[in-house]
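First the proteins, then the strands, lettered A, B, ... as listed; each starts at 1.
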Amino acid sequence: MPNDRYNAREAEPRWQRIWDERGIFATQNADPRPKYYVLEMFPYPSGRIHMGHVRNYTMGDVVARAKRAMGFAVLHPMGWDAFGMPAENAAIERKVHPKSWTYDNIAAMKKQLQSMGLSLDWARELATCDPAYYRHQQKMFLDFLQAGLVERKQSKVNWDPVDRTVLANEQVIDGRGWRSGAVVEQRELTQWFFKISDYAEDLLGALDTLDRWPEKVRLMQRNWIGRSEGLLIRFMLDPATTPNRESELEIFTTRPDTLFGARFMAISPDHPLAQAAAKKNPALAAFIAEAKKIGTAQAEIDTAEKLGFDTGIKAIHPFDPEWMLPVYVANFILMEYGTGAIFGCPAHDQRDLDFVNRYGLGNTPVVCPPDVDPKNFVITDTPYLGDGRMINSRFLDGMSIEQAKEKVARRLENQTRGNRPLAQRQVNYRLRDWGISRQRYWGCPIPIVHCEACGVVPVPEKDLPVTLPEDVTFDRPGNPLDRHATWKNVACPQCGKPARRETDTMDTFVDSSWYFARFTDPWIATAPTDRKAADHWLPVDQYIGGIEHAILHLLYSRFFTRAMKATGHLGLDEPFAGLFTQGMVVHETYRRKDGAFATPAEVTIESAGDERRAKLSSTGETVEIGAIEKMSKSKRNTVDPDDIIREYGADTARWFMLSDSPPERDVIWTEEGVQGAWRFVQRLWRLIGEIAQIDAGPVTRPAEFGPAALKVRKAAHGALAKVSEDIDKLRFNRCVAHIYELANTLGDAIGDVTSPAALTADFAFALREAAGILVQLFAPMMPHLAEECWAALGHKSLVATESWPQLEPELLVEDTVTLPVQVNGKKRAEITVPRDSGKAEIEAAVLAHDAVKRALEGKPPKKVIIVPQRIVNVVA
RNA sequence: GCCCCUGUGGCGGAAUUGGUAGACGCGCCUGACUCAAAAUCAGGUGAUGCAAAUCGUGCUGGUUCGAGUCCGGCCAGGGGCACCA
């Protein structure tokens with residue numbers, strides 16, 4: 001062999017060029033084969049890819065390449081989630097235009113992705129900041145508006161004071177903006193909302209159908225939607241105590257069974273009744289003002305005490321006209337949930353208990369735990385939340401909680417006041433509508449004009465897209481669109497009088513809520529989707545991305561797909577049939593004596609025995625090996641994919657990403673691991689080279705295979721069966737292990753060939769066949785090396801376009817089986833018997849075995865359990 | 001606080017889903033090749049023990065002929081939600 005080292009740096013670009021020239025990864029919409037749509041979450045063009053991208057896109061590429069070989073028409077596209085704040089921040093800091101910054105980054109990252117050898121159909125590439133993309137988004141906004149799925153309303157919103165924009169609830173994490181980290185404030189603003197809550201029930205229910213989603217993600221969405229069943233109850237008010245003769249107060253409860261444990265009513269500071277009462281009570285007004293100050297930042301909420309203010313208003317218990325309950329304004333009642341009012345049952349709710357203990361209102365337990373004497377049952381600091389029997393509850397006494405709930409509901413439903421029942425059943429959701437207005441420049445303009453005379457006017461379809469003006473400046477804080485006179489001031493599309501454009505842009509999560517649909521036909525200019533193409537390709541068969549999108553992106557996309565269906569742009573509800581959430585790439589951290597972090601590239605690792613030590617390569621200074629953490633700039637524990645690809649090649653990086661750790665778990669990036677992967681690349685190259693050199697005359701399939709040949713063939717087909725299954729289930733770490741095993745077996749087999757005489761024709765055939773299978777098995781993971789090996793084996797075709805090897809299942813069946821033999825559950829021996837031996841034969845063989853006899857000490861066995869082809873257990 | 005997940009060698013992890021615990025890789029040890037190192041090749045590597053053997057999947061009870069796997073109770077780590085009535 002001319003060169004005994006595989007030169008990835010030379011080979012990888014060469015094969016990438018060949019794939020590209022032959023256009024083998026371009027997908028035709030008219031392809032008659034069964035379709036398979038594999039998609040990885042598209043990246044934000046930050047400028048450089050990171051190891052997380054490498055892992056994500058490698059997994060997707062393995063699936064794409066394997067499915068292609070298995071006979072599917074595979075759609076595997078890539079695009080750019082290109083709107084967003086970093087572009088504006090760059091504009092402010094570096095005086096570059098967001099557009100040129102974004103497109104420069106796209107060019108750089110595209111080059112990096114291409115160096116990974118991904119089998120992508122680049123002809124379908126799209127960027128969400130392209131008017132050719134977002135014009136359709138504007139069209140859908142107008143369609144949704146018409147369909148009643150968009151609403152403009154004044155609302156309390158999360159305001160990020162650093163990014164100077166509104167954030168959705170989903171984007172507020174621990175009271176801070178998900179990007180800026182700034183403590184979020186509450187403001188009242190008029191905003192555009194997508195009515196995702198209209199679909200709450202459907203989004204929740206359909207989770208049960210997503211059987212190829214991780215249970216964890218489904219659970220997180222379930223919790224996020226937060227369904228609770230309860231009762232809306234109208235409490236009559238004592239008119240003498242109310243400010244404006246209000247007659248009733250409606251509350252929502254999930255525990256109507258505890259109605260006889262009620263001690264107080266509480267309403268939100270924003271509740272109309274509180275507002276009305278405050279007008280006549282300055283002390284109450286002051287309390288409300290104070291309460292509104294708190295209750296925005298999470299940290300404050302956690303520490304804020306449960307405060308209330310007695311309004312003096314009295315509510316009448318629905319089952320007892322003599323029973324008066326004081327109505328408090330309380331700082332922990334949210335106007336946004338339920339009716340903004342509750343009744344407090346302190347014995348069975350922690351918050352209510354804290355409240356009564358503070359104000360001395362006492363409590364009455366109404367649910368008694370089993371095995372507790374109701375006479376001795378008292379509540380002090382801890383409420384009782386468990387199951388039990390009703391007590392102190394008049395006609396409910398003795399019932400279970402469920403019976404009591406039903407009884408209360410029935411009774412109140414059948415009582416009316418003013419022609420309306422006193423109660424009705426209601427389901428409430430935690431899920432709020434999706435506020436999409438952002439006071440930023442670099443986003444999709446909302447196609448609306450505000451006119452003094454006509455009000456809110458949609459931009460006519462013929463005037464779409466509303467494009468972003470490019471002549472903007474970022475020298476002042478705030479939204480440049482807001483001060484762009486020629487863009488902002490337009491004639492009203494309806495009356496022609498001077499009007500102004502909506503200057504808010506859409507949340508970038510809107511952009512990513514339908515890109516998967518656009519990929520099915522990114523060329524159509526007249527509509528967001530070509531229904532034929534979309535109906536053909538969707539749903540995405542396998543979607544792969546990070547768990548951090550478990551709620552945000554995945555819930556929005558599920559909503560958007562339904563909204564697109566309602567407006568005729570799609571024909572299905574669920575966009576992603578299969579979802580896989582991959583783990584993070586993590587790395588050790590290195591801390592210098594002065595406390596500063598050192599990067600992995602600056603550090604040399606030395607190991608002596610079990611000890612590992614790190615020092616700076618430059619000065620030899622010892623650095624402390626710290627915790628293994630997610631790769632991040634602040635911890636400086638990042639490894640640049642470019643460096644790895646330059647030094648070892650893309651295949652090595654890809655192989656390492658798939659090895660060892662299960663794909664859903666975090667993978668620890670180590671230098672040793674990468675070198676191990678690199679050594680395996682070289683080993684495969686040598687192994688295939690050696691087999692390629694074997695010259696045993698014309699390669700024809702022999703009629704019979706000898707034992708040596710059979711062993712090789714069994715190993716190859718065994719690996720084929722296992723790898724096929726594990727790719728299907730995305731268990732790439734197991735694929736890697738099976739490929740190692742096959743390579744080990746082939747290496748041993750070649751080692752056995754000590755003389756030309758040992759190289760029989762059947763063995764040579766088997767070796768070549770196995771080598772071909774081996775190459776095809778690792779081709780999805782290390783595609784460049786595979787092409788090089790495939791060519792070395794004498795093939796003229798590309799392995800990337802080859803069909804998956806045909807499995808010969810009869811090779812997986814062994815003639816004999818080795819059964820472990822246990823005596824009383826402890827392994828004592830092994831016996832090898834013909835595969836189809838009867839139980840009697842096996843029992844006889846087992847009892848004749850010396851080790852078994854010894855263990856039985858001459859006594860007859862009580863019982864012999866034989867599990868065919870598994871195990872034998874002798875019970876003494 | 002509520003909900004969920006995970007605990008297996010020095011390390012990452014396998015284990016046909018109740019049937020030989022530790023596949024495969026990393027690391028380490030021994031040897032060959034080499035003046036030497038790297039690479040490569042051969043062998044070893046859960047613990048204790050010279051050995052036979054015994055113990056061993058966070059701890060602890062249980063079910064079972066048989067438990068890493070199932071059930072109960074603890075402990076530890078991680079994640080999600082969090083004034084949601």
- Query: Starting at the 5' end of RNA chain B and moving along, which residue's nearest nucleotide shows up first, A:Leu385 or A:Leu334?
  - Reply: A:Leu385

- Keeping the roles fixed (side chain from A:His348, backbone from A:Val367), state whether a donor-acceptor pair exists under 3.5 Å. yes

- Rounding to the closest angstrom, what is the interatomic distance between B:G78 and B:G68 at atom P? 27 Å

- Query: Just to confirm, is there a sub-4.0 Å distance from OP1 or OP2 of B:G27 to any side-chain nitrogen or oxygen of A:Arg679?
  - Reply: yes

- Message: Rounding to an integer number of angstrom, what distance separates B:C41 and B:G25 when you compare their P atoms?
- Response: 12 Å

- Heavy-atom pair with the smallest gap, counting every atom of A:Gly338 and A:Phe252: CA-CB, 4.2 Å

- Message: Please report the distance separating the C1' of B:A85 from the corresponding atom of B:C4, rounded so that it comes out in whole Å.
- Response: 23 Å

- Note on the structure: Closest to the 5' end of RNA chain B, once A:Asp349 and A:Glu830 are matched to their nearest nucleotides, is A:Glu830

- Message: Going by side-chain hydrogen bond (donor to acceptor under 3.5 Å, both in side chains), name the residues that satisfy it together with A:Glu548, two or more places apart in sequence or in a different chain.
- Response: none

- Message: If the condition is ring pair (Phe, Tyr, Trp, His ring centres under 6.0 Å), which residues does A:Tyr359 pass it with, not counting sequence neighbours?
- Response: A:Tyr328, A:Phe355

- Taken in chain and number order and not counting sequence neighbours, the residues that satisfy salt bridge (charged side-chain N to carboxylate O under 4.0 Å, His left out) with A:Arg870 are none

- Expressed in whole Å, how much space separates the P atoms belonging to B:U45 and B:A52? 13 Å

- Query: Using Watson-Crick and G-U wobble pairs whose two distances are both under 3.5 Å, how do you write the pairing of RNA chain B as dot-bracket, with | for links to another strand?
  - Reply: (((((((..(((......[....)))((((((.......))))))(((....)))..(((((..]....))))))))))))....

- Parallel, tilted or perpendicular, as decided by the 30° and 60° cut-offs, for the rings of A:Tyr648 and A:Trp678: perpendicular

- Please measure how far the C1' atom in B:U57 lies from the corresponding atom in B:A23, and state the result in whole Å. 16 Å

- Message: Tell me which pairs pass side-chain hydrogen bond (donor to acceptor under 3.5 Å, both in side chains) where either residue lies in residues 658-667 of chain A, with sequence neighbours left out.
- Response: none

- Item | Contacts of type salt bridge (charged side-chain N to carboxylate O under 4.0 Å, His left out), residue A:Glu215, not counting sequence neighbours | A:Arg218, A:Arg222

- Please identify each residue that fulfils salt bridge (charged side-chain N to carboxylate O under 4.0 Å, His left out) with A:Lys862, with sequence neighbours left out. none

- What is the distance from NE2 of A:His271 to P of B:A85, rounded to the nearest Å? 17 Å

- Item | Phosphate OP1/OP2 of B:A85: any A:Ser228 side-chain N/O under 4.0 Å | yes

- Determine the interatomic distance between P on B:A39 and the same-named atom on B:A53; round to the nearest Å. 39 Å

- Query: Side chain of A:Asp433, backbone of A:Ser197: donor and acceptor closer than 3.5 Å?
  - Reply: yes

- Item | Contacts of A:Glu741 that satisfy salt bridge (charged side-chain N to carboxylate O under 4.0 Å, His left out) - sequence neighbours left out | none

- Message: Heavy atoms only, 4.0 Å cut-off, all strands: where does A:Tyr740 land among base, sugar-phosphate and nothing?
- Response: sugar-phosphate

- Message: Base, sugar-phosphate or nothing for A:Ile547? Non-hydrogen atoms, less than 4.0 Å.
- Response: nothing

- Task: For A:Asp257, enumerate each residue passing the side-chain hydrogen bond (donor to acceptor under 3.5 Å, both in side chains) test, keeping only those at least two apart in sequence or located in another chain.
- Result: A:Arg255

- Please state whether the phosphate of B:G25, meaning OP1 or OP2, lies under 4.0 angstrom from any side-chain nitrogen or oxygen of A:Asn733. no

- Message: When the P atoms of B:C5 and B:G73 are compared, how many Å lie between them, rounded to an integer?
- Response: 14 Å

- Looking across every strand, which nucleic acid part, if any, lies under 4.0 Å from A:Thr253 by heavy atom: base, sugar-phosphate, or nothing? sugar-phosphate

- Task: Could you tell me whether A:Lys826 contacts a base, only the sugar-phosphate backbone, or nothing, with contacts defined as non-hydrogen atoms closer than 4.0 Å?
- Result: sugar-phosphate

- Task: List for me each residue that meets side-chain hydrogen bond (donor to acceptor under 3.5 Å, both in side chains) alongside A:Arg351, sequence neighbours excluded, and say none if there are none.
- Result: none

Short N/O separations, protein against nucleotides 62-72 of chain B, under 3.5 angstrom:
residue : atom : partner  : partner atom : Å
B:C65   : O2'  : A:Asn873 : ND2          : 3.2
B:C65   : O2   : A:Asn873 : ND2          : 2.5

- At under 4.0 Å, does any side-chain N or O of A:Tyr337 touch on OP1 or OP2 of B:A85? yes

- Query: Base, sugar-phosphate, or nothing: which does A:Arg828 touch, judged by heavy atoms less than 4.0 Å apart?
  - Reply: sugar-phosphate

- Message: Taking the P atom in each of B:A38 and B:C33, what is the distance between them to the nearest angstrom?
- Response: 15 Å

Please tabulate, one pair per line, each protein N/O and nucleotide N/O from nucleotides 77-79 of chain B that are separated by under 3.5 Å, including the distance.
residue : atom : partner  : partner atom : Å
B:G79   : O2'  : A:Lys216 : NZ           : 3.1

- So, is A:Arg665 near the phosphate of B:C5, with a side-chain N or O under 4.0 Å from OP1 or OP2? no

- Does a side-chain N or O from A:Arg870 land closer than 4.0 Å to OP1 or OP2 of B:G18, or not? no

